[in-house]
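Let me give you the structure first, and then I'll get to my questions.
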Amino acid sequence: MTSWPADDRRAQAPPRRRAPDAGLLRRLPPVDELLRSALLAALEPDVGRAILLESTRAEISAAREAIAQARLGGDEFEAYLRILPARIAARARKNLEPSLRRVINATGVIIHTNLGRAPLSKQAVARMAECASGYSNLEFDLDQGARGRRDDHAQNLLEKLFAREGVADAKTVVVNNNAAAVFLALSALARGGEAIVSRGELVEIGGSFRIPDIMAESGAILREVGTTNRTRIEDYEQAINDNTRLLLRVHRSNFEITGFVEQPTLAELAALGHRRGIPVMEDLGSGALTDLRAFGVAGEPGLCDSLRAGVSLVTCSGDKLLGGPQAGLIAGRADLVARTRKHPLFRALRVDKTCFAALEATFDAYLRERFEDIPLLRIFARKAEEIERRCVALAAAIPSAARDIVATRAMIGGGAAPGKSLPSFALVLEAEGGDAEALALDLRQSRVPVVSRIEDGRVWLDLRTVDEADDPQLAATLATLKHLRMRGPHDVSRS
Ligand SMILES: *Cc1c(COP(=O)(O)O)cnc(C)c1O
C-alpha cells in the first residue's frame with residue numbers, strides 16, 4: 001500500500017529529493033466534482049452534506065500541501081487521484097467517530113474504573129432501551145394518576161432482597177455514584193457537627209475522592225481518632241461529645257494494612273453508636289449483594305452484612321461488586337434515609353430513568369438467583385482451565401508469532417477486595433524490537449480497541465476479563481498487529 005499526505009504521522013517520511021510539481025495543483029478536481037462522484041454521492045445521505053464538504057476541503061488542502069512539499073508527485077499522483085474519493089469518505093467517517101467506544105478489556109482487572117467498571121446484563125440493557133425510547137412512569141403513580149416519586153422504583157426490589165437476607169425495615173435511596181452518596185449523607189447528617197473517623201480510614205479512592213476533603217465540603221467536622229494501624233473502640237467512645245453527629249467507618253477499598261493492626265468490628269461500633277444514640281455510617285465502597293465466596297471471592301463484606309451488623313446507614317457503588325449501573329446506594333434506617341432524601345442536594349445528585357431501569361433489572365437477577373445473567377459474576381465464575389483453553393485457541397490465530405500462554409492472576413480491582421485476585425491465563429505477545437508500547441498501541445488502535453497490560457517487556461492479554469463472544473474479534477485483531485514479533489528459525493524449539 002502507498003501512503004500519502006494528510007493526517008498519518010507515519011507518512012511524514014523524510015522529504016524526497018525532487019522538485020514540487022506545481023502543475024499538479026491544477027489537476028486536483030474541484031470540490032463540486034468530487035461531491036458528485038459515485039462514492040461520495042452515495043455517502044451523503046448517511047454522513048450529511050456539511051461533513052462531506054468539510055472532509056473534501058480538508059483532503060484537498062492536505063493534497064496541496066503535499067504537492068508543494070514534493071511529498072506527492074510523479075507517478076503517485078495518478079494513483080492518488082483514483083483513491084481520492086475513498087480518502088475523503090474515510091475522513092468523513094473518522095470525523096463522525098464517537099469519542100466513547102466499546103473496548104475489549106484484556107487487562108485482567110475485572111472492575112476497571114477507566115474501562116467503565118461493571119458491564120451490564122442483557123436484561124438491564126433491554127430494560128434501559130425500553131424505558132428510555134419512549135415515556136415512562138418515572139415520577140408518576142399509575143394507580144393514583146398523580147405525581148409519584150422516582151426513588152420508589154429501585155426501592156421495592158432492593159427491600160425484597162434485604163428481607164430475604166434477614167434485614168428488616170431498611171430503606172434506600174439512589175444517587176449518581178457512591179461519592180455523591182457519601183457527600184449527601186454527610187451533608188444531611190453531620191453538617192456543622194463532628195463525624196468521628198479512624199486515622200486508618202482517611203483514604204483516597206482514585207480520581208481524587210479523599211475522605212477528609214469530602215467531609216470538609218459537606219460541612220462536617222472531621223474528628224480523627226486512633227492511629228494509622230490501630231484504633232480501638234475506646235478511642236471512638238472517648239471522642240464522643242455533644243457535637244458528635246456520626247461515627248464513620250470507611251472501607252479500605254484499595255489498600256490493605258497488615259501486621260500490628262487493630263480495628264473494632266462493625267458490630268462493636270454499632271453497639272457503641274446505639275448505646276450513645278449516635279448513628280453509625282459506613283462507606284462500604286463496593287456493595288456485594290450476594291455471598292461472593294461462591295464465585296471464588298472471599299472476605300469481601302456485602303451490603304447486607306453491614307446492615308445486619310447494625311450499621312445505621314451504608315453507602316456503596318452500583319457498578320462495583322453489585323454488577324449494575326453507575327449509581328450510589330444509601331441504605332439503612334428509615335429516618336436517616338428520609339433525611340438524605342429531603343436534603344436539597346438530593347435533587348442535584350439524583351439519577352435518570354435508564355439508571356433505575358438497569359438497577360431494577362440487576363436486582364431482579366439477584367432476586368431470581370439468576371447470577372449467570374450478571375456479567376460481573378460470570379467473569380468471577382470463569383474456570384481457569386476454560387480461560388487457558390481459549391488462550392490456546394487464540395494463539396492458533398497467530399501461529400508464526402512469538403507468543404506464549406502463561407498462568408496469571410486477574411485482579412478484582414475498582415476499589416473492591418484490595419489485593420484479591422482470581423487464577424487466570426494470558427496470551428503473552430512479544431513485540432518487534434522489544435517495543436511493547438508500540439504493540440500495545442497497535443491493539444488499542446484496532447477497530448474494536450483492545451486494552452492490554454505490559455509486564456516484563458511483553459504484552460499480556462488476560463482472557464478472564466474478555467467475553468467469549470469477543471474471541472473471534474480478538475483473533476482478527478491479532479492477525480493485523482504491525483509490531484508483533486514473528487518467530488525466526490532460532491525460535492523453533494519454543495513451539
Ligand atoms: C469506590 C469508592 C468510592 C467512590 O465510589 P464511586 O461510585 O466511584 O463514586 C467511595 N468510597 C469507597 C470506600 C469506595 O471504594
Can you tell me if Q326 uses its side chain to pair, donor with acceptor, with the backbone of N176 under 3.5 Å?
->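 Present.
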Got a salt bridge between R293 and D291, using NZ or NE/NH1/NH2 to carboxylate O under 4.0 Å?
->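 Here R293 pairs with D291 in a salt bridge, since their nearest N and O are under 4.0 Å apart.
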If you draw a 6.0 Å radius around CD in E204, do more than 12 non-hydrogen atoms from other residues or ligands fall strictly inside?
->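 Yes.
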Judged by atom type as modelled, is there a donor-acceptor pair below 3.5 Å linking the side chain of S400 to the main-chain atoms of M486?
->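 Checked: no pair found.
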So, the side chain of H251 versus the backbone of E282: is there a donor-acceptor pair under 3.5 Å, distance only?
->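 Checked: no pair found.
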Which value, rounded to the nearest 0.5 Å, describes the distance between L474 atom CG and L427 atom CG?
->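 Nearest 0.5 Å value for the CG-CG distance: 8.0 Å.
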Please examine the side chains of L429 and I398, heavy atoms only from C-beta on, and report whether any two atoms are closer than 4.5 Å.
->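 Yes, side chains in contact.
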Do Q473 and R447 meet the criterion of a side-chain donor-acceptor pair at a distance under 3.5 Å?
->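 The answer is yes; a qualifying pair exists.
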NZ/NE/NH1/NH2 to OD/OE distance under 4.0 Å, R403 and E430 =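 No, no charged N to carboxylate O under 4.0 Å.
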Main-chain N/O of D319 paired with S317 side-chain donor or acceptor, under 3.5 Å |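 Side chain of S317 to backbone of D319, a donor-acceptor pair under 3.5 Å: no, none is there.
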Report the C-alpha separation of F295 and I379 in whole Å, then their side-chain angles, then the decisive distance to 0.1 Å, and conclude whether the side-chain contact (heavy atoms from CB on, under 4.5 Å) test is met.
-> CA-CA 9 Å; F295 301 89; I379 294 171; over 6 Å; no
Hey, what do you get for CD (E360) to CE (M128), rounding to the nearest 0.5 Å?
->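 Answer for the CD-CE pair, E360 versus M128, is 12.5 Å.
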Passing option when E59 is tested against R64, R91, K94 for salt bridge (charged side-chain N to carboxylate O under 4.0 Å, His left out) |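 The residue from R64, R91, K94 that satisfies salt bridge (charged side-chain N to carboxylate O under 4.0 Å, His left out) with E59 turns out to be R91.
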Looking at D470 and R390, does any basic side-chain N land under 4.0 Å from a carboxylate oxygen?
->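 So D470 does not pair with R390 through a salt bridge.
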E300 side, atom CD; I412 side, atom CD1 - distance, nearest 0.5 Å =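 With rounding to 0.5 Å, CD (E300) is 8.5 Å from CD1 (I412).
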Provide the closest heavy-atom pair for T354 versus A132 in the form atom of the first, atom of the second, distance.
->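 Heavy atoms of T354 and A132 come nearest at CG2-CB, 3.6 Å.
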Taking R252 for the side chain and G200 for the main chain, is one N or O donor matched with an acceptor at less than 3.5 Å?
->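 Looks like yes, one N/O pair under 3.5 Å.
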Side chain to side chain donor-acceptor pair (under 3.5 Å) between D462 and T408, intermediate numbers included | CA-CA 8 Å; D462 185 328; T408 180; 4.6 Å; no
What are the two closest non-hydrogen atoms of S452 and L461, and how far apart are they?
->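 For S452 versus L461, the nearest heavy atoms are CB-CD2, 3.6 Å.
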R230 and E262: CA distance, side-chain angles, deciding distance, salt bridge (charged side-chain N to carboxylate O under 4.0 Å, His left out) verdict = CA-CA 4 Å; R230 304 191 89 188; E262 186 176 339; 2.6 Å; yes
Min side-chain heavy-atom separation S61-R57 under 4.5 Å |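 The answer is no, as the side chains (C-beta and beyond) never meet within the 4.5 Å cut-off.
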Would I454 and W460 count as a side-chain contact (heavy atoms from CB on, under 4.5 Å) if you check the C-alpha gap in whole Å, the side-chain angles of each, and the deciding distance to 0.1 Å?
-> CA-CA 6 Å; I454 296 176; W460 295 55; over 6 Å; no
Which pair of non-hydrogen atoms, one from T231 and one from G226, has the smallest distance, and what is that distance?
->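 Nearest heavy atoms, T231 then G226: OG1-CA, 3.6 Å.
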Counting only N and O atoms by type, is there a donor-acceptor contact under 3.5 Å from the side chain of R464 to the main-chain atoms of R382?
->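 Side chain of R464 to backbone of R382: a pair is present.
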Could you walk me through whether L439 and D442 pass the side-chain contact (heavy atoms from CB on, under 4.5 Å) check?
-> CA-CA 5 Å; L439 182 55; D442 284 352; 4.2 Å; yes
Main-chain N/O of C316 paired with N178 side-chain donor or acceptor, under 3.5 Å |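 A pair under 3.5 Å: yes.
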Full working for side-chain contact (heavy atoms from CB on, under 4.5 Å) between L161 and F363 = CA-CA 8 Å; L161 273 167; F363 296 152; 4.0 Å; yes
Would you mind checking if R378 and E372 are paired as a salt bridge, meaning a charged N to carboxylate O distance below 4.0 Å?
->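 Salt bridge flag = no for R378 with E372.
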Polar side-chain atom of Y366 near backbone of L322 as donor-acceptor pair, under 3.5 Å =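 Yes: the side chain of Y366 pairs with the backbone of L322.
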Pairwise side-chain contact, F371 with T290, heavy-atom cut-off 4.5 Å (strictly under) |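 F371 vs T290: side chains touch.
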Any side-chain heavy-atom pair of E65 and Q69 under 4.5 Å =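 Yes, close enough: below the 4.5 Å cut-off.
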Counting N and O atoms only, with roles assigned by atom type, does the side chain of R409 sit under 3.5 Å from a partner on the main chain of S421, one being a donor and the other an acceptor?
->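 Yes; judged by distance alone, with no hydrogens or angles, the pair exists.
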Would you mind reporting whether T477 and I104 have side-chain heavy atoms less than 4.5 Å apart?
->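 No - every pair of side-chain heavy atoms lies 4.5 Å or more apart.
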Would a 4.5 Å heavy-atom cut-off, applied to side chains only, mark L329 and T315 as touching?
->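 Not touching, per the 4.5 Å side-chain cut-off.
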For the pair R485 and E432, find out whether any cationic side-chain nitrogen is under 4.0 Å from an anionic carboxylate oxygen.
->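 So R485 does not pair with E432 through a salt bridge.
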Main-chain N/O of A475 paired with D471 side-chain donor or acceptor, under 3.5 Å |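 Looks like no, no N/O pair under 3.5 Å.
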Tell me, do R82 and Y80 make a side-chain contact under 4.5 Å, heavy atoms counted?
->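 R82 vs Y80: side chains apart.
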Electrostatic pair R453-E455, nearest N-O below 4.0 angstrom =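 Looking at R453 and E455, the cut-off is met.
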Taking the side chain as C-beta and beyond, is there a heavy-atom pair between L321 and F380 under 4.5 Å?
->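 Answer yes - side chains close enough.
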Rounded distance [0.5 Å steps], CG in L157 versus CG in L367 =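 Spacing of CG (L157) from CG (L367) equals 6.0 Å.
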Where is the tightest heavy-atom contact between P45 and A42, given as atom of each residue plus distance?
->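 So the two residues come closest at CD-O, 3.3 Å.
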Check ion pair D373-K122 (N to O, under 4.0 angstrom) =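 No salt bridge links D373 with K122.
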Looking only at heavy atoms, what is the nearest atom pair of F346 and T340, with distance?
->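 For F346 and T340, the tightest heavy-atom pair comes out as CB-O, 3.7 Å.
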Search all heavy atoms of I88 against all heavy atoms of T56 and return the closest pair with its distance.
->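 The answer is CG2-OG1, 3.4 Å.
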